[in-house]
Amino acid sequence: MLLEEHLGRIDPDIGKIILSIAKGAVIVKGGFLRAGTSAGTQNASGETQLEMDKWADEVFFDGLKATGIVASAASEERDEAEMLSPSGRFSVTLDPLDGSSLMGIDLTVGTIVGIYRSNTPLRPGKEMVAAAYVLYGPLTVLVYTAGAGVHEFALMDDGHFLLQNENLTIGKERIYSPGALRKEYLPYHLRFIERLEAEGYKLRFCGSFVADVHQILHKGGVFTYPAFQGKPQGKLRLLFEANPMGFIVRSAGGRISDGARDILSIVPEKLHQRVPIYVGGAKEISIIEEEYMKEA
Ligand code: FBP
């Protein structure tokens with residue numbers, strides 16, 4: 001089944017927004033080749049990656065604007081939310097190229113999207129009506145949920161996305177994907193990691209959040225980018241990274257927490273707010289919350 005057909009089962013407006021992301025992803029994927037070609041001369045300074053980030057951002061914003069139903073959109077690449085269609089009933093958050101520092105060495109990057117039925121994206125994640133991500137790996141895949149069920153599609157040669165997995169549920173393998181430097185871990189986080197290690201969890205961290213969480217979704221375990229010394233809010237962003245991926249993982253039977261509480265219930269104060277992240281299986285999230293509570 002093609003993505004267009006599958007989206008026919010959900011609210012047509014939400015389907016339209018997801019389809020605009022899918023179309024944008026096809027254009028962005030095509031752009032990697034061009035960016036890669038110039039990387040030989042520019043990449044050492046990182047400028048090519050920066051340009052690609054901004055270009056991808058423009059591609060997705062143009063697509064969202066063309067739907068005519070997105071009131072506002074906010075992106076990790078822009079300081080403020082942009083007003084797109086005054087009569088629109090949705091707002092969208094976008095991380096156009098997550099993990100872009102890996103692009104120059106040809107590792108997997110992705111696009112992360114959150115969709116709200118609201119004229120502002122400054123809403124708690126649990127109010128999202130849909131979320132999606134695109135992973136530009138050996139295959140380009142698009143994973144979406146409109147709240148019930150998580151579905152995965154792969155891009156074919158003809159530019160259409162074909163259904164690969166329907167109603168994905170989070171795996172049961174023991175994998176941990178830990179961001180930040182071990183020497184800067186806070187005590188409760190170190191205890192959490194040591195418990196996972198004692199239970200034989202296998203280490204997997206690629207440096208691209210969207211790719212790491214994709215692996216956890218399929219195989220199981222936990223991704224974390226925690227609070228660490230000097231950074232009580234960690235590194236990753238609440239609106240652009242944590243909420244959409246957390247919404248997807250929760251829809252697949254997992255959980256997302258900042259160690260103390262469900263991230264999806266946090267009322268954001270600002271667009272670029274950061275948050276410590278634990279996302280994965282319910283079992284792993286209960287372990288970190290237990291360790292955190294010991295210090296409360
Ligand atoms: P940006 O917000 O700067 O794009 O960084 C996001 C990210 O690349 C994530 O995808 C990844 O999990 C993390 O940073 C890795 O950071 P580090 O290399 O500092 O551990």
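Basis for what follows: all heavy atoms, side chains included, without hydrogens, waters or symmetry-related copies. Order of appearance sets the numbers: ligands from 1, and atoms from 1 within every ligand.
- For atom 1 (P) of ligand 1, the closest non-hydrogen atom of the protein is Glu76 OE2, 3.9 Å.
- Taken from CD in Glu284 to CD1 in Ile216, the straight-line distance is 8.0 Å, to the nearest 0.5 Å.
- No salt bridge links Lys54 with Glu77; every basic N to acidic carboxylate O contact stays at or beyond 4.0 Å.
- Near Gly99, meaning under 4.0 Å from any of its heavy atoms, are these atoms of ligand 1: 8 (O), 10 (O).
- Looking at Arg237 next to ligand 1, an N or O pair under 3.5 Å apart turns up.
- Distances below 4.0 Å separate heavy atoms of Glu241 from the following atoms of ligand 1: 2 (O), 6 (C).
- Using a 3.5 Å distance cut-off with no hydrogens or angles, the side chains of His151 and Gln164 do not pair a donor with an acceptor.
- Pairs engaging residues 142-151 under the salt bridge (Lys or Arg N to Asp or Glu O under 4.0 Å) rule: none recorded [sequence neighbours left out].
- The Ser208 neighbourhood of ligand 1 comprises atoms 10 (O), with distances under 4.0 Å to a heavy atom of that residue.
- Summarising the contacts of atom 8 (O) of ligand 1 with Gly207, Ala211, Ser101, Gly234, the nearest heavy atom is found in Gly207.
- In this structure, Phe223 has its ring center closer than 6.0 angstrom to the ring center of Phe209.
- Proximity annotation for atom 10 (O) of ligand 1: of Phe209, Phe223, Phe240, Tyr225, Phe209 comes nearest, heavy atoms only.
- Leu162 forms part of a hydrophobic cluster together with Leu2, Met156, judged by ILVMFWY side-chain heavy-atom separations under 4.5 Å.
- Using 4.0 Å as the threshold, Gly179 has no heavy atom nearer than that to any atom of ligand 1.
- Taking the ring centroids of Phe153 and His6, they lie under the 6.0 Å cut-off.
- Between Arg255 and Asp262, none of the side-chain N atoms (NZ, or NE/NH1/NH2) sits under 4.0 Å from a carboxylate O, so this pair counts as no salt bridge.
- Residue contacts with ligand 1 leave out Ser100, since none of its heavy atoms falls under 4.0 Å from the ligand.
- Residue-ligand proximity, Asp98 to ligand 1, at heavy-atom distances under 4.0 Å covers atoms 6 (C), 9 (C), 10 (O).
- Scanning the protein for heavy atoms near atom 13 (C) of ligand 1, the closest one is Lys235 NZ, 3.8 Å.
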